[in-house]
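Not measured: the values here are computed from a predicted model. Convention: sequence-line order gives letters A, B, ...; per-chain numbering from 1.
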There are 2 protein chains.
Amino acid sequence: MKKKKTIYDVAKALNLAPSTISKALNNGAVSSKTKARVLDYVKKTGYVTATSARILKAKYSWTIGVVFSEELNIGLEHPFFSSVLQNFKTYVEKWGYELSFIVQQLGQNKLSYLDWCRNKKIDGVIIVVGDANDRGIIELIESEIKCVSTDIVNDNIHSVRSDNRQGIELSVEYLLETGHGRLGMVAGPQTSSAFTERLIAFREIMKEKNLPLPEEYLIVSEGFGYTSGFNAARKLLGSLTVKPDALLVGSDDISFGVIRGIESLGFRVPEDISVIGFDDISTSRLFTPALTTIRQNKKAIGETAGKILIDLIREKGHKHPRETKIPVNLIVRDSVKMRKN
Amino acid sequence: MKKKKTIYDVAKALNLAPSTISKALNNGAVSSKTKARVLDYVKKTGYVTATSARILKAKYSWTIGVVFSEELNIGLEHPFFSSVLQNFKTYVEKWGYELSFIVQQLGQNKLSYLDWCRNKKIDGVIIVVGDANDRGIIELIESEIKCVSTDIVNDNIHSVRSDNRQGIELSVEYLLETGHGRLGMVAGPQTSSAFTERLIAFREIMKEKNLPLPEEYLIVSEGFGYTSGFNAARKLLGSLTVKPDALLVGSDDISFGVIRGIESLGFRVPEDISVIGFDDISTSRLFTPALTTIRQNKKAIGETAGKILIDLIREKGHKHPRETKIPVNLIVRDSVKMRKN
DNA sequence: TAGTTATTAGAAACCGATTTCCAAAAGGAT
DNA sequence: ATCCTTTTGGAAATCGGTTTCTAATAACTA
């Protein structure tokens with residue numbers, strides 16, 4: 001195991017001062033001639049600067065912190081969030097940044113998000129999953145740390161998310177085109193802003209189109225998964241004499257429960273009731289009936305967030321926070337049926 | 001924004017030397033009285049040691065590197081691997097370690113896994129997804145860095161994986177109990193050791209039980225997903241006059257394709273042919289027919305890997321590498337039918 | 001009580017860069 | 001050729017800890 005090379009070794013070998021090496025490596029003021037000489041030597045010998053030493057003295061770390069709260073019981077397993085993170089990761093790594101999960105504990109002692117970032121001289125932060133009301137998150141967003149979010153929206157942070165309104169609009173219009181007249185919705189828990197937006201959008205669009213929307217056609221599920229969808233659907237339908245002929249659902253995960261819930265009451269999907277989801281996760285294509293849904297563009301979300309954050313770090317534009325909306329697509333499958341009327 | 005506190009500030013405030021503070025914080029030789037005094041003060045003022053400074057001088061970093069190759073096109077989206085990682089993460093964080101993805105690029109320059117680890121003074125590495133033949137991986141495993149793997153097996157590394165043999169045994173026995181006589185298998189790509197083990201186990205078990213296993217009942221799928229399963233099933237069945245009455249499949253993902261492939265040929269699952277998968281991902285429960293499969297215990301895998309790695313780091317036992325097998329479970333659903341004979 | 005040993009606290013070197021400030025060299029203008 | 005700018009390379013300070021070595025103190029032994 002050969003001894004580790006330091007910047008001093010390089011300097012000695014090249015008959016230069018360490019400071020000159022550092023400059024050559026970091027676009028400092030050096031002649032292009034010496035710069036080339038240094039770069040050459042470095043490439044040949046495979047010298048690489050010690051990260052910790054650099055971070056100690058410099059004010060940056062080439063590291064991006066990831067907030068991925070597990071309190072909401074959404075871990076890396078979640079197909080949507082993990083995919084967004086994956087795409088973000090791939091993008092920023094191309095630019096030389098690496099990812100580190102922000103932890104609330106450092107070695108022995110507890111730490112706030114902000115303290116962790118400062119301590120590590122984090123260049124920027126992406127909030128993939130986070131509670132918008134968490135004190136730690138708020139403190140972080142309001143700090144000097146550059147942040148971007150693919151989840152929470154807030155006046156103090158750049159956010160990159162799906163155009164939920166467009167998604168609902170697409171759904172409603174498609175349902176109308178296919179001859180549905182009594183639309184309802186099983187919304188997701190309103191603690192999540194995405195679900196809130198979808199519900200609000202649905203209300204607005206129905207109003208704009210002058211379509212009736214009885215409150216009994218609306219229900220909010222208790223949780224994020226199959227079971228809550230199942231229960232919500234049964235509850236919604238159970239009390240109704242005139243059933244809706246189509247249901248928009250907050251997410252695909254919930255949709256699966258909704259569909260089975262509908263079936264458990266003796267109705268068929270899509271023959272009696274059409275269902276349209278939101279997300280397009282991998283199960284959706286495989287489910288029976290294959291789920292008609294709104295596909296979120298996870299790649300675009302991840303990459304756009306990456307681009308914005310890097311711009312922010314390099315101080316290129318994006319002066320004040322704004323919301324970026326990524327278009328969604330309607331994916332037509334079998335859970336919506338064309339109706340004659 | 002209050003100024004950052006250094007160890008010198010703490011020393012001054014307590015009228016002690018910086019070195020004493022450091023010792024108090026790191027179980028060095030200090031009287032319990034001063035130690036208490038320091039700890040108290042630190043807790044009260046919220047001082048936290050600068051990570052980069054510590055890493056620079058010390059030989060550890062409280063950081064664990066994650067190898068999660070994307071070359072195999074398995075990203076964080078993959079339900080099995082991401083879940084293992086999630087469970088590992090939760091476990092090691094309890095012990096104060098944090099996770100950092102190992103990148104092949106550091107700031108500007110390319111780096112081998114090993115150089116990256118040395119540069120960052122990584123305490124240990126978990127290989128969640130990695131190519132066992134990759135030069136960089138081999139170099140890493142053979143180095144002084146403590147490693148654990150939940151994927152590749154090798155004499156030089158501790159591995160924690162599902163007991164694939166037991167899984168196949170469970171499948172075969174269940175199929176036998178339910179009256180099946182002509183078992184076949186759609187194995188996954190043999191580039192993955194898990195798939196290889198499953199195929200080998202199947203061959204062995206059939207031989208041990210003295211059951212016939214015609215080579216035509218065996219096929220290896222081209223890829224990891226639905227389409228390759230679909231094609232493999234059609235290819236297998238297409239050429240056979242006497243069809244198998246049950247098929248073991250390398251993974252759930254492939255199983256879905258296999259089932260639809262069988263159906264596309266006019267046969268029914270499970271009435272004509274039973275299918276049993278391996279993994280138990282979330283789609284399996286929702287699929288029609290709900291997939292009977294072998295559940296991998298991702299929690300146990302992640303946690304056991306975490307435990308072993310931390311033991312390794314603390315130099316507690318695990319002198320030489322060994323393979324740890326985590327038991328699996330049979331999950332009975334609807335894709336296997338009881339047959340009278 | 002004197003002498004020896006075990007603990008505890010501090011001084012100083014060191015980890016490996018970055019950065020500021022300065023002097024020397026190079027380039028331009030007259 | 002001389003004087004003034006602009007570039008370029010180097011010396012030294014600094015970032016914030018850990019660790020080794022030494023001195024002082026406390027504890028123990030006879």
Side-chain angles (χ1 to χ4, degrees), chain A residues 3-39 41-42 45-63 106-109 115-116 118-123, chain B residues 3-39 41-42 45-63 106-109 115-116 118-123:
Chain A
K3 198 158 159 302
K4 181 139 49 84
K5 281 224 171 330
T6 75
I7 204 169
Y8 296 97
D9 301 325
V10 178
K12 200 160 296 172
L14 260 45
N15 233 302
L16 288 169
S19 50
T20 307
I21 310 297
S22 174
K23 282 172 195 162
L25 259 26
N26 297 292
N27 303 314
V30 226
S31 68
S32 50
K33 197 183 301 181
T34 39
K35 179 167 179 175
R37 211 153 68 88
V38 172
L39 259 36
Y41 181 85
V42 162
T45 68
Y47 160 80
V48 36
T49 92
T51 307
S52 51
R54 176 216 290 273
I55 300 179
L56 177 56
K57 186 69 220 271
K59 46 207 131 291
Y60 51 87
S61 64
W62 287 98
T63 303
L106 193 56
Q108 19 269 323
N109 30 22
D115 286 339
W116 188 90
R118 291 209 180 121
N119 179 43
K120 297 228 156 186
K121 303 232 180 84
I122 284 297
D123 294 357
Chain B
K3 199 161 160 300
K4 183 141 40 89
K5 281 225 170 329
T6 75
I7 206 170
Y8 295 96
D9 300 325
V10 178
K12 199 161 295 171
L14 260 46
N15 233 302
L16 289 168
S19 51
T20 308
I21 310 296
S22 174
K23 283 172 195 159
L25 260 25
N26 297 292
N27 303 315
V30 226
S31 69
S32 50
K33 197 184 300 180
T34 39
K35 180 167 180 177
R37 212 153 67 88
V38 172
L39 259 36
Y41 181 84
V42 161
T45 69
Y47 160 81
V48 35
T49 91
T51 307
S52 50
R54 175 217 290 273
I55 299 178
L56 177 57
K57 186 69 217 268
K59 46 204 129 297
Y60 50 87
S61 65
W62 286 99
T63 303
L106 193 55
Q108 18 270 323
N109 30 21
D115 285 339
W116 188 90
R118 290 207 179 125
N119 178 42
K120 298 228 157 188
K121 305 234 179 81
I122 284 297
D123 294 357

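Residues A:S32 and A:L56 each lie close to DNA chain D; by heavy-atom proximity, the contact nearer the 5' end of the strand is made by A:S32.
In this structure, B:T45 contributes its side chain and B:Y41 its backbone to a donor-acceptor pair below 3.5 Å. With A:N119 contributing its side chain and A:D115 its backbone, the two residues share no donor-acceptor pair below 3.5 Å. Using a distance-only test at 3.5 Å, with no hydrogens or angles considered, a donor-acceptor pair links the side chain of A:S61 to the main chain of A:K121.
B:L14 CG to B:T20 OG1: the interatomic distance, rounded to the nearest 0.5 Å, is 10.0 Å. Distance OG1/B:T51 to CD1/A:I55: 8.5 Å, rounded to 0.5 Å.
Proximity of B:S31 to the phosphate of C:dA9: a side-chain N or O atom is located under 4.0 Å from OP1 or OP2. One finds no side-chain N or O of B:Y47 lying less than 4.0 angstrom from the OP1 or OP2 phosphate oxygen of D:dG16. The side chain of B:K59 places no N or O atom within less than 4.0 Å of a non-bridging phosphate oxygen (OP1 or OP2) of D:dT18. Distances shorter than 4.0 Å separate some side-chain N or O of A:S22 from OP1 or OP2 on C:dT18. Taking side-chain N and O atoms only, B:T20 has no distance below 4.0 Å to OP1 or OP2 of C:dA9.
Picking from C:dT19, C:dG16, D:dT18 the nucleotide with the shortest atom distance to the side chain of A:A58 gives C:dT19. Side chain of B:L16, nearest nucleotide from C:dG10, D:dG9, C:dT19: C:dG10. Side chain of A:A50, nearest nucleotide from C:dG16, D:dG10, D:dG16: C:dG16. You'll find that the side chain of A:A17 is closest to D:dG10, out of D:dG10, C:dA17, C:dA13.
For A:K121 and C:dT18, the NZ to C1' distance is 11 Å, given to the nearest whole Å. In this structure, B:K57 places its NZ atom 12 Å from P of C:dA13, rounding to the nearest Å. Atom-to-atom, OH of A:Y8 to P of C:dA17 comes out at 8 Å; the value is rounded to the nearest Å. Put simply, CG on A:L14 is 10 Å from P on D:dG10, counting in whole angstrom units. Separating the CG atom of A:L25 from the P atom of C:dA17 is a distance of 9 Å, rounded to the nearest angstrom. For B:K5 and D:dC15, the NZ to P distance is 15 Å, given to the nearest whole Å. Atom NZ of A:K12 and atom P of D:dG10 are 14 Å apart (whole Å). When rounded to the nearest whole Å, the span between OH of A:Y60 and C1' of C:dT18 equals 7 Å.
Residue-level contact check: B:I55 touches neither bases nor backbone, having no heavy atom under 4.0 Å from any strand. Using a 4.0 Å heavy-atom distance criterion, B:T34 is classed as a sugar-phosphate-only contact.
Under 3.5 Å, the side chain of A:S19 and the base of C:dA17 form no donor-acceptor pair of N or O atoms. Donor-acceptor pairing under 3.5 Å, judged by distance alone, is present between the side chain of B:K23 and the base of C:dG10.
Put simply, the side chain of A:V38 reaches to within 4.5 Å of the side chain of A:V42, judged on heavy atoms.
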